[in-house]
Protein chains: 2
Amino acid sequence: MNDATPIVRKGRKFDQVLDGARDVFMVDGFEGASVDDIARAAGVSKATLYSYFPDKRLLFMEVANMECARQSQSAVDFIDMNAAPRDVLCQAGKHFLRFITSKFGQQIFRICVAESDRFPEIGRAFYKSGPERMRAVMGEYFRAAVERGDLDIDDFTLAADQFGELCKADVWPRLMFGVVDTVSDADIDRVVDNAVQTFLARYGT
Amino acid sequence: MNDATPIVRKGRKFDQVLDGARDVFMVDGFEGASVDDIARAAGVSKATLYSYFPDKRLLFMEVANMECARQSQSAVDFIDMNAAPRDVLCQAGKHFLRFITSKFGQQIFRICVAESDRFPEIGRAFYKSGPERMRAVMGEYFRAAVERGDLDIDDFTLAADQFGELCKADVWPRLMFGVVDTVSDADIDRVVDNAVQTFLARYGT
DNA sequence: CACAATATAAACTGTTCCGTTCAGTTTCTA
DNA sequence: TAGAAACTGAACGGAACAGTTTATATTGTG
């Protein structure tokens with residue numbers, strides 16, 4: 001399981017390969033994406049691709065890591081943490097739900113769930129930069145809000161998880177399993193408003 | 001999209017095929033499972049298998065449907081719908097969480113999420129016999145409980161979804177993404193008890 | 001210019017696997 | 001017990017795909 005041929009980053013076309021791989025993986029998933037397709041999408045020969053990456057799996061890992069890092073970076077930057085809890089939660093919930101219902105969020109989730117059985121590193125990397133990061137950020141907010149007397153929470157981590165799950169109700173599974181293929185803003189508003197209401201019924205002051 | 005060759009249920013070895021398919025799919029996933037392996041595991045020739053099922057996809061769908069139906073049936077049978085709401089919810093929640101955290105429930109979910117992009121029927125069928133069935137059963141219970149004055153719910157469907165999601169908090173994503181690979185009874189109790197508490201804070205009387 | 005690193009296209013290897021076919025055997029049933 | 005229905009085993013067609021090789025071309029650099 002040791003990498004005799006580690007990833008090589010030098011060379012003019014490294015980024016091209018990564019971009020092409022990202023595009024194809026996002027459309028076709030891991031098994032569904034053929035290396036020929038990736039090479040074509042990247043505008044690169046297959047031999048060149050294999051000179052950068054020893055195999056398909058490591059190529060995907062590199063793409064997934066990049067993409068998760070990029071997402072978690074931009075995810076929670078723009079919410080005003082000093083507003084009233086109801087507003088903070090609504091903003092955060094809607095932002096979150098919009099992301100996980102986007103074509104992009106869906107596909108990353110799909111691939112990570114499917115492949116983390118065969119390649120556990122993929123799943124763990126996703127968890128760290130996705131759910132775990134959300135936990136941390138919300139936990140921090142909860143701590144401050146409790147200190148101000150705005151919320152009454154004992155287990156910050158569990159509360160954060162509960163909120164995230166509440167936001168998924170109804171709309172997310174229907175999308176994930178292809179019962180619908182679009183989610184309206186009205187749906188998002190309805191679900192998140194309801195999630196916030198339930199959440200505050202338990203943890204509000 | 002019409003099935004020129006529908007599933008044939010007569011024949012001595014129908015159940016053998018289904019059992020073998022279930023075992024192999026659960027270990028190898030959908031793409032990973034080869035039809036030859038399934039036939040071998042079922043103790044049946046490939047020709048026999050194909051005399052029952054027109055293709056691999058429909059074979060899998062049958063397995064998934066059976067298993068979901070079996071599960072939701074056992075949940076309905078097992079739970080005393082006349083107990084106090086807190087007890088009913090605790091029982092239902094624990095039953096549900098035990099199922100979706102079982103090796104079996106995990107794998108079904110994994111496969112359906114992964115494949116419902118390429119084969120939407122798989123996802124939709126799973127949704128119908130899984131989440132949607134849970135909605136129906138819980139919705140019915142809610143209606144009765146509201147009539148008795150035990151609960152105060154306006155949107156039965158959304159409430160059912162919220163309860164299901166609340167039960168997943170914390171423990172389920174960690175399992176799904178390989179952060180842990182076992183869930184203790186204590187974890188299940190803790191998460192469900194908390195889910196019930198949050199749920200009743202909103203909908204209890 | 002010369003030379004070395006990098007890139008290319010295309011053919012090739014080896015494998016996996018779905019689904020079909022068919023001649024022959026076993027099991028059921030009337 | 002005879003014919004029908006179900007089943008078998010093995011082979012095969014055909015396609016997809018990961019990864020390699022080869023002979024050639026492009027690019028950057030001292």
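Lettering follows sequence order; numbering is per chain, from 1.
- Residue Lys13(B) places none of its side-chain N or O atoms closer than 4.0 Å to OP1 or OP2 of dT27(C).
- Residue Glu31(A) contributes atom CD, which lies 11 Å from atom P of dC17(C) at whole-angstrom precision.
- Considering only heavy atoms from C-beta on, Phe199(A) stays 4.5 Å or farther from Thr198(B) through its side chain.
- With rounding to the nearest 0.5 Å, the separation of CD1 in Ile100(A) from CZ in Phe109(A) is 8.0 Å.
- A donor-acceptor pair under 3.5 Å links the side-chain atoms of Ser116(A) to the main chain of Met176(B), judged by distance alone.
- Protein atom CZ of Arg40(B) is 12 Å distant from nucleotide atom C1' of dC17(C), rounded to whole Å.
- Heavy atoms of Ala39(A) sit nowhere under 4.0 angstrom from any nucleic acid atom.
- When rounded to the nearest whole Å, the span between CG of Leu49(B) and P of dC17(C) equals 15 Å.
- Under 4.0 angstrom from either OP1 or OP2 of dA7(C) there lies no side-chain N or O belonging to Ser45(A).
- With rounding to the nearest 0.5 Å, the separation of CD in Glu31(A) from CD in Glu115(A) is 5.5 Å.
- The closest side-chain heavy-atom distance from Asp193(B) to Lys94(B) is below 4.5 Å.
- Interatomic distance, CD1 of Ile153(B) versus CG of Leu158(B), reported as 10.0 Å (0.5 Å rounding).
- A salt bridge links Arg135(A) to Asp170(B): one of the charged nitrogens lies within less than 4.0 Å of a carboxylate oxygen.
- Aromatic ring centres of Tyr141(B) and Phe163(B) lie farther apart than the 6.0 Å criterion allows.
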Under 3.5 Å between N/O atoms: give me all the protein pairs with nucleotides 19-29 of chain D, atom names plus distance.
from, atom 1, to, atom 2, distance (Å)
dG19(D), OP2, Tyr50(A), OH, 3.0
dG19(D), OP2, Lys56(A), N, 3.1
dG19(D), N7, Lys46(A), NZ, 2.5
dG19(D), O6, Lys46(A), NZ, 2.9

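- Remark: Glu140(A) CD is loosely packed, at most 12 non-hydrogen atoms of other residues, nucleotides or ligands lying under 6.0 Å away.
- Listed by residue number, there are no residues of residues 16-30 of chain B with a heavy-atom contact under 4.0 Å to DNA chain D.
- Using a 4.0 Å heavy-atom criterion, one finds that Ser34(B) contacts the sugar-phosphate atoms exclusively.
- Per the geometry, CG belonging to Asp15(A) stands 15 Å off P belonging to dT6(C), to the nearest Å.
- Note on Tyr52(B): every side-chain N or O is 4.0 Å or more away from OP1 and OP2 of dA6(D).
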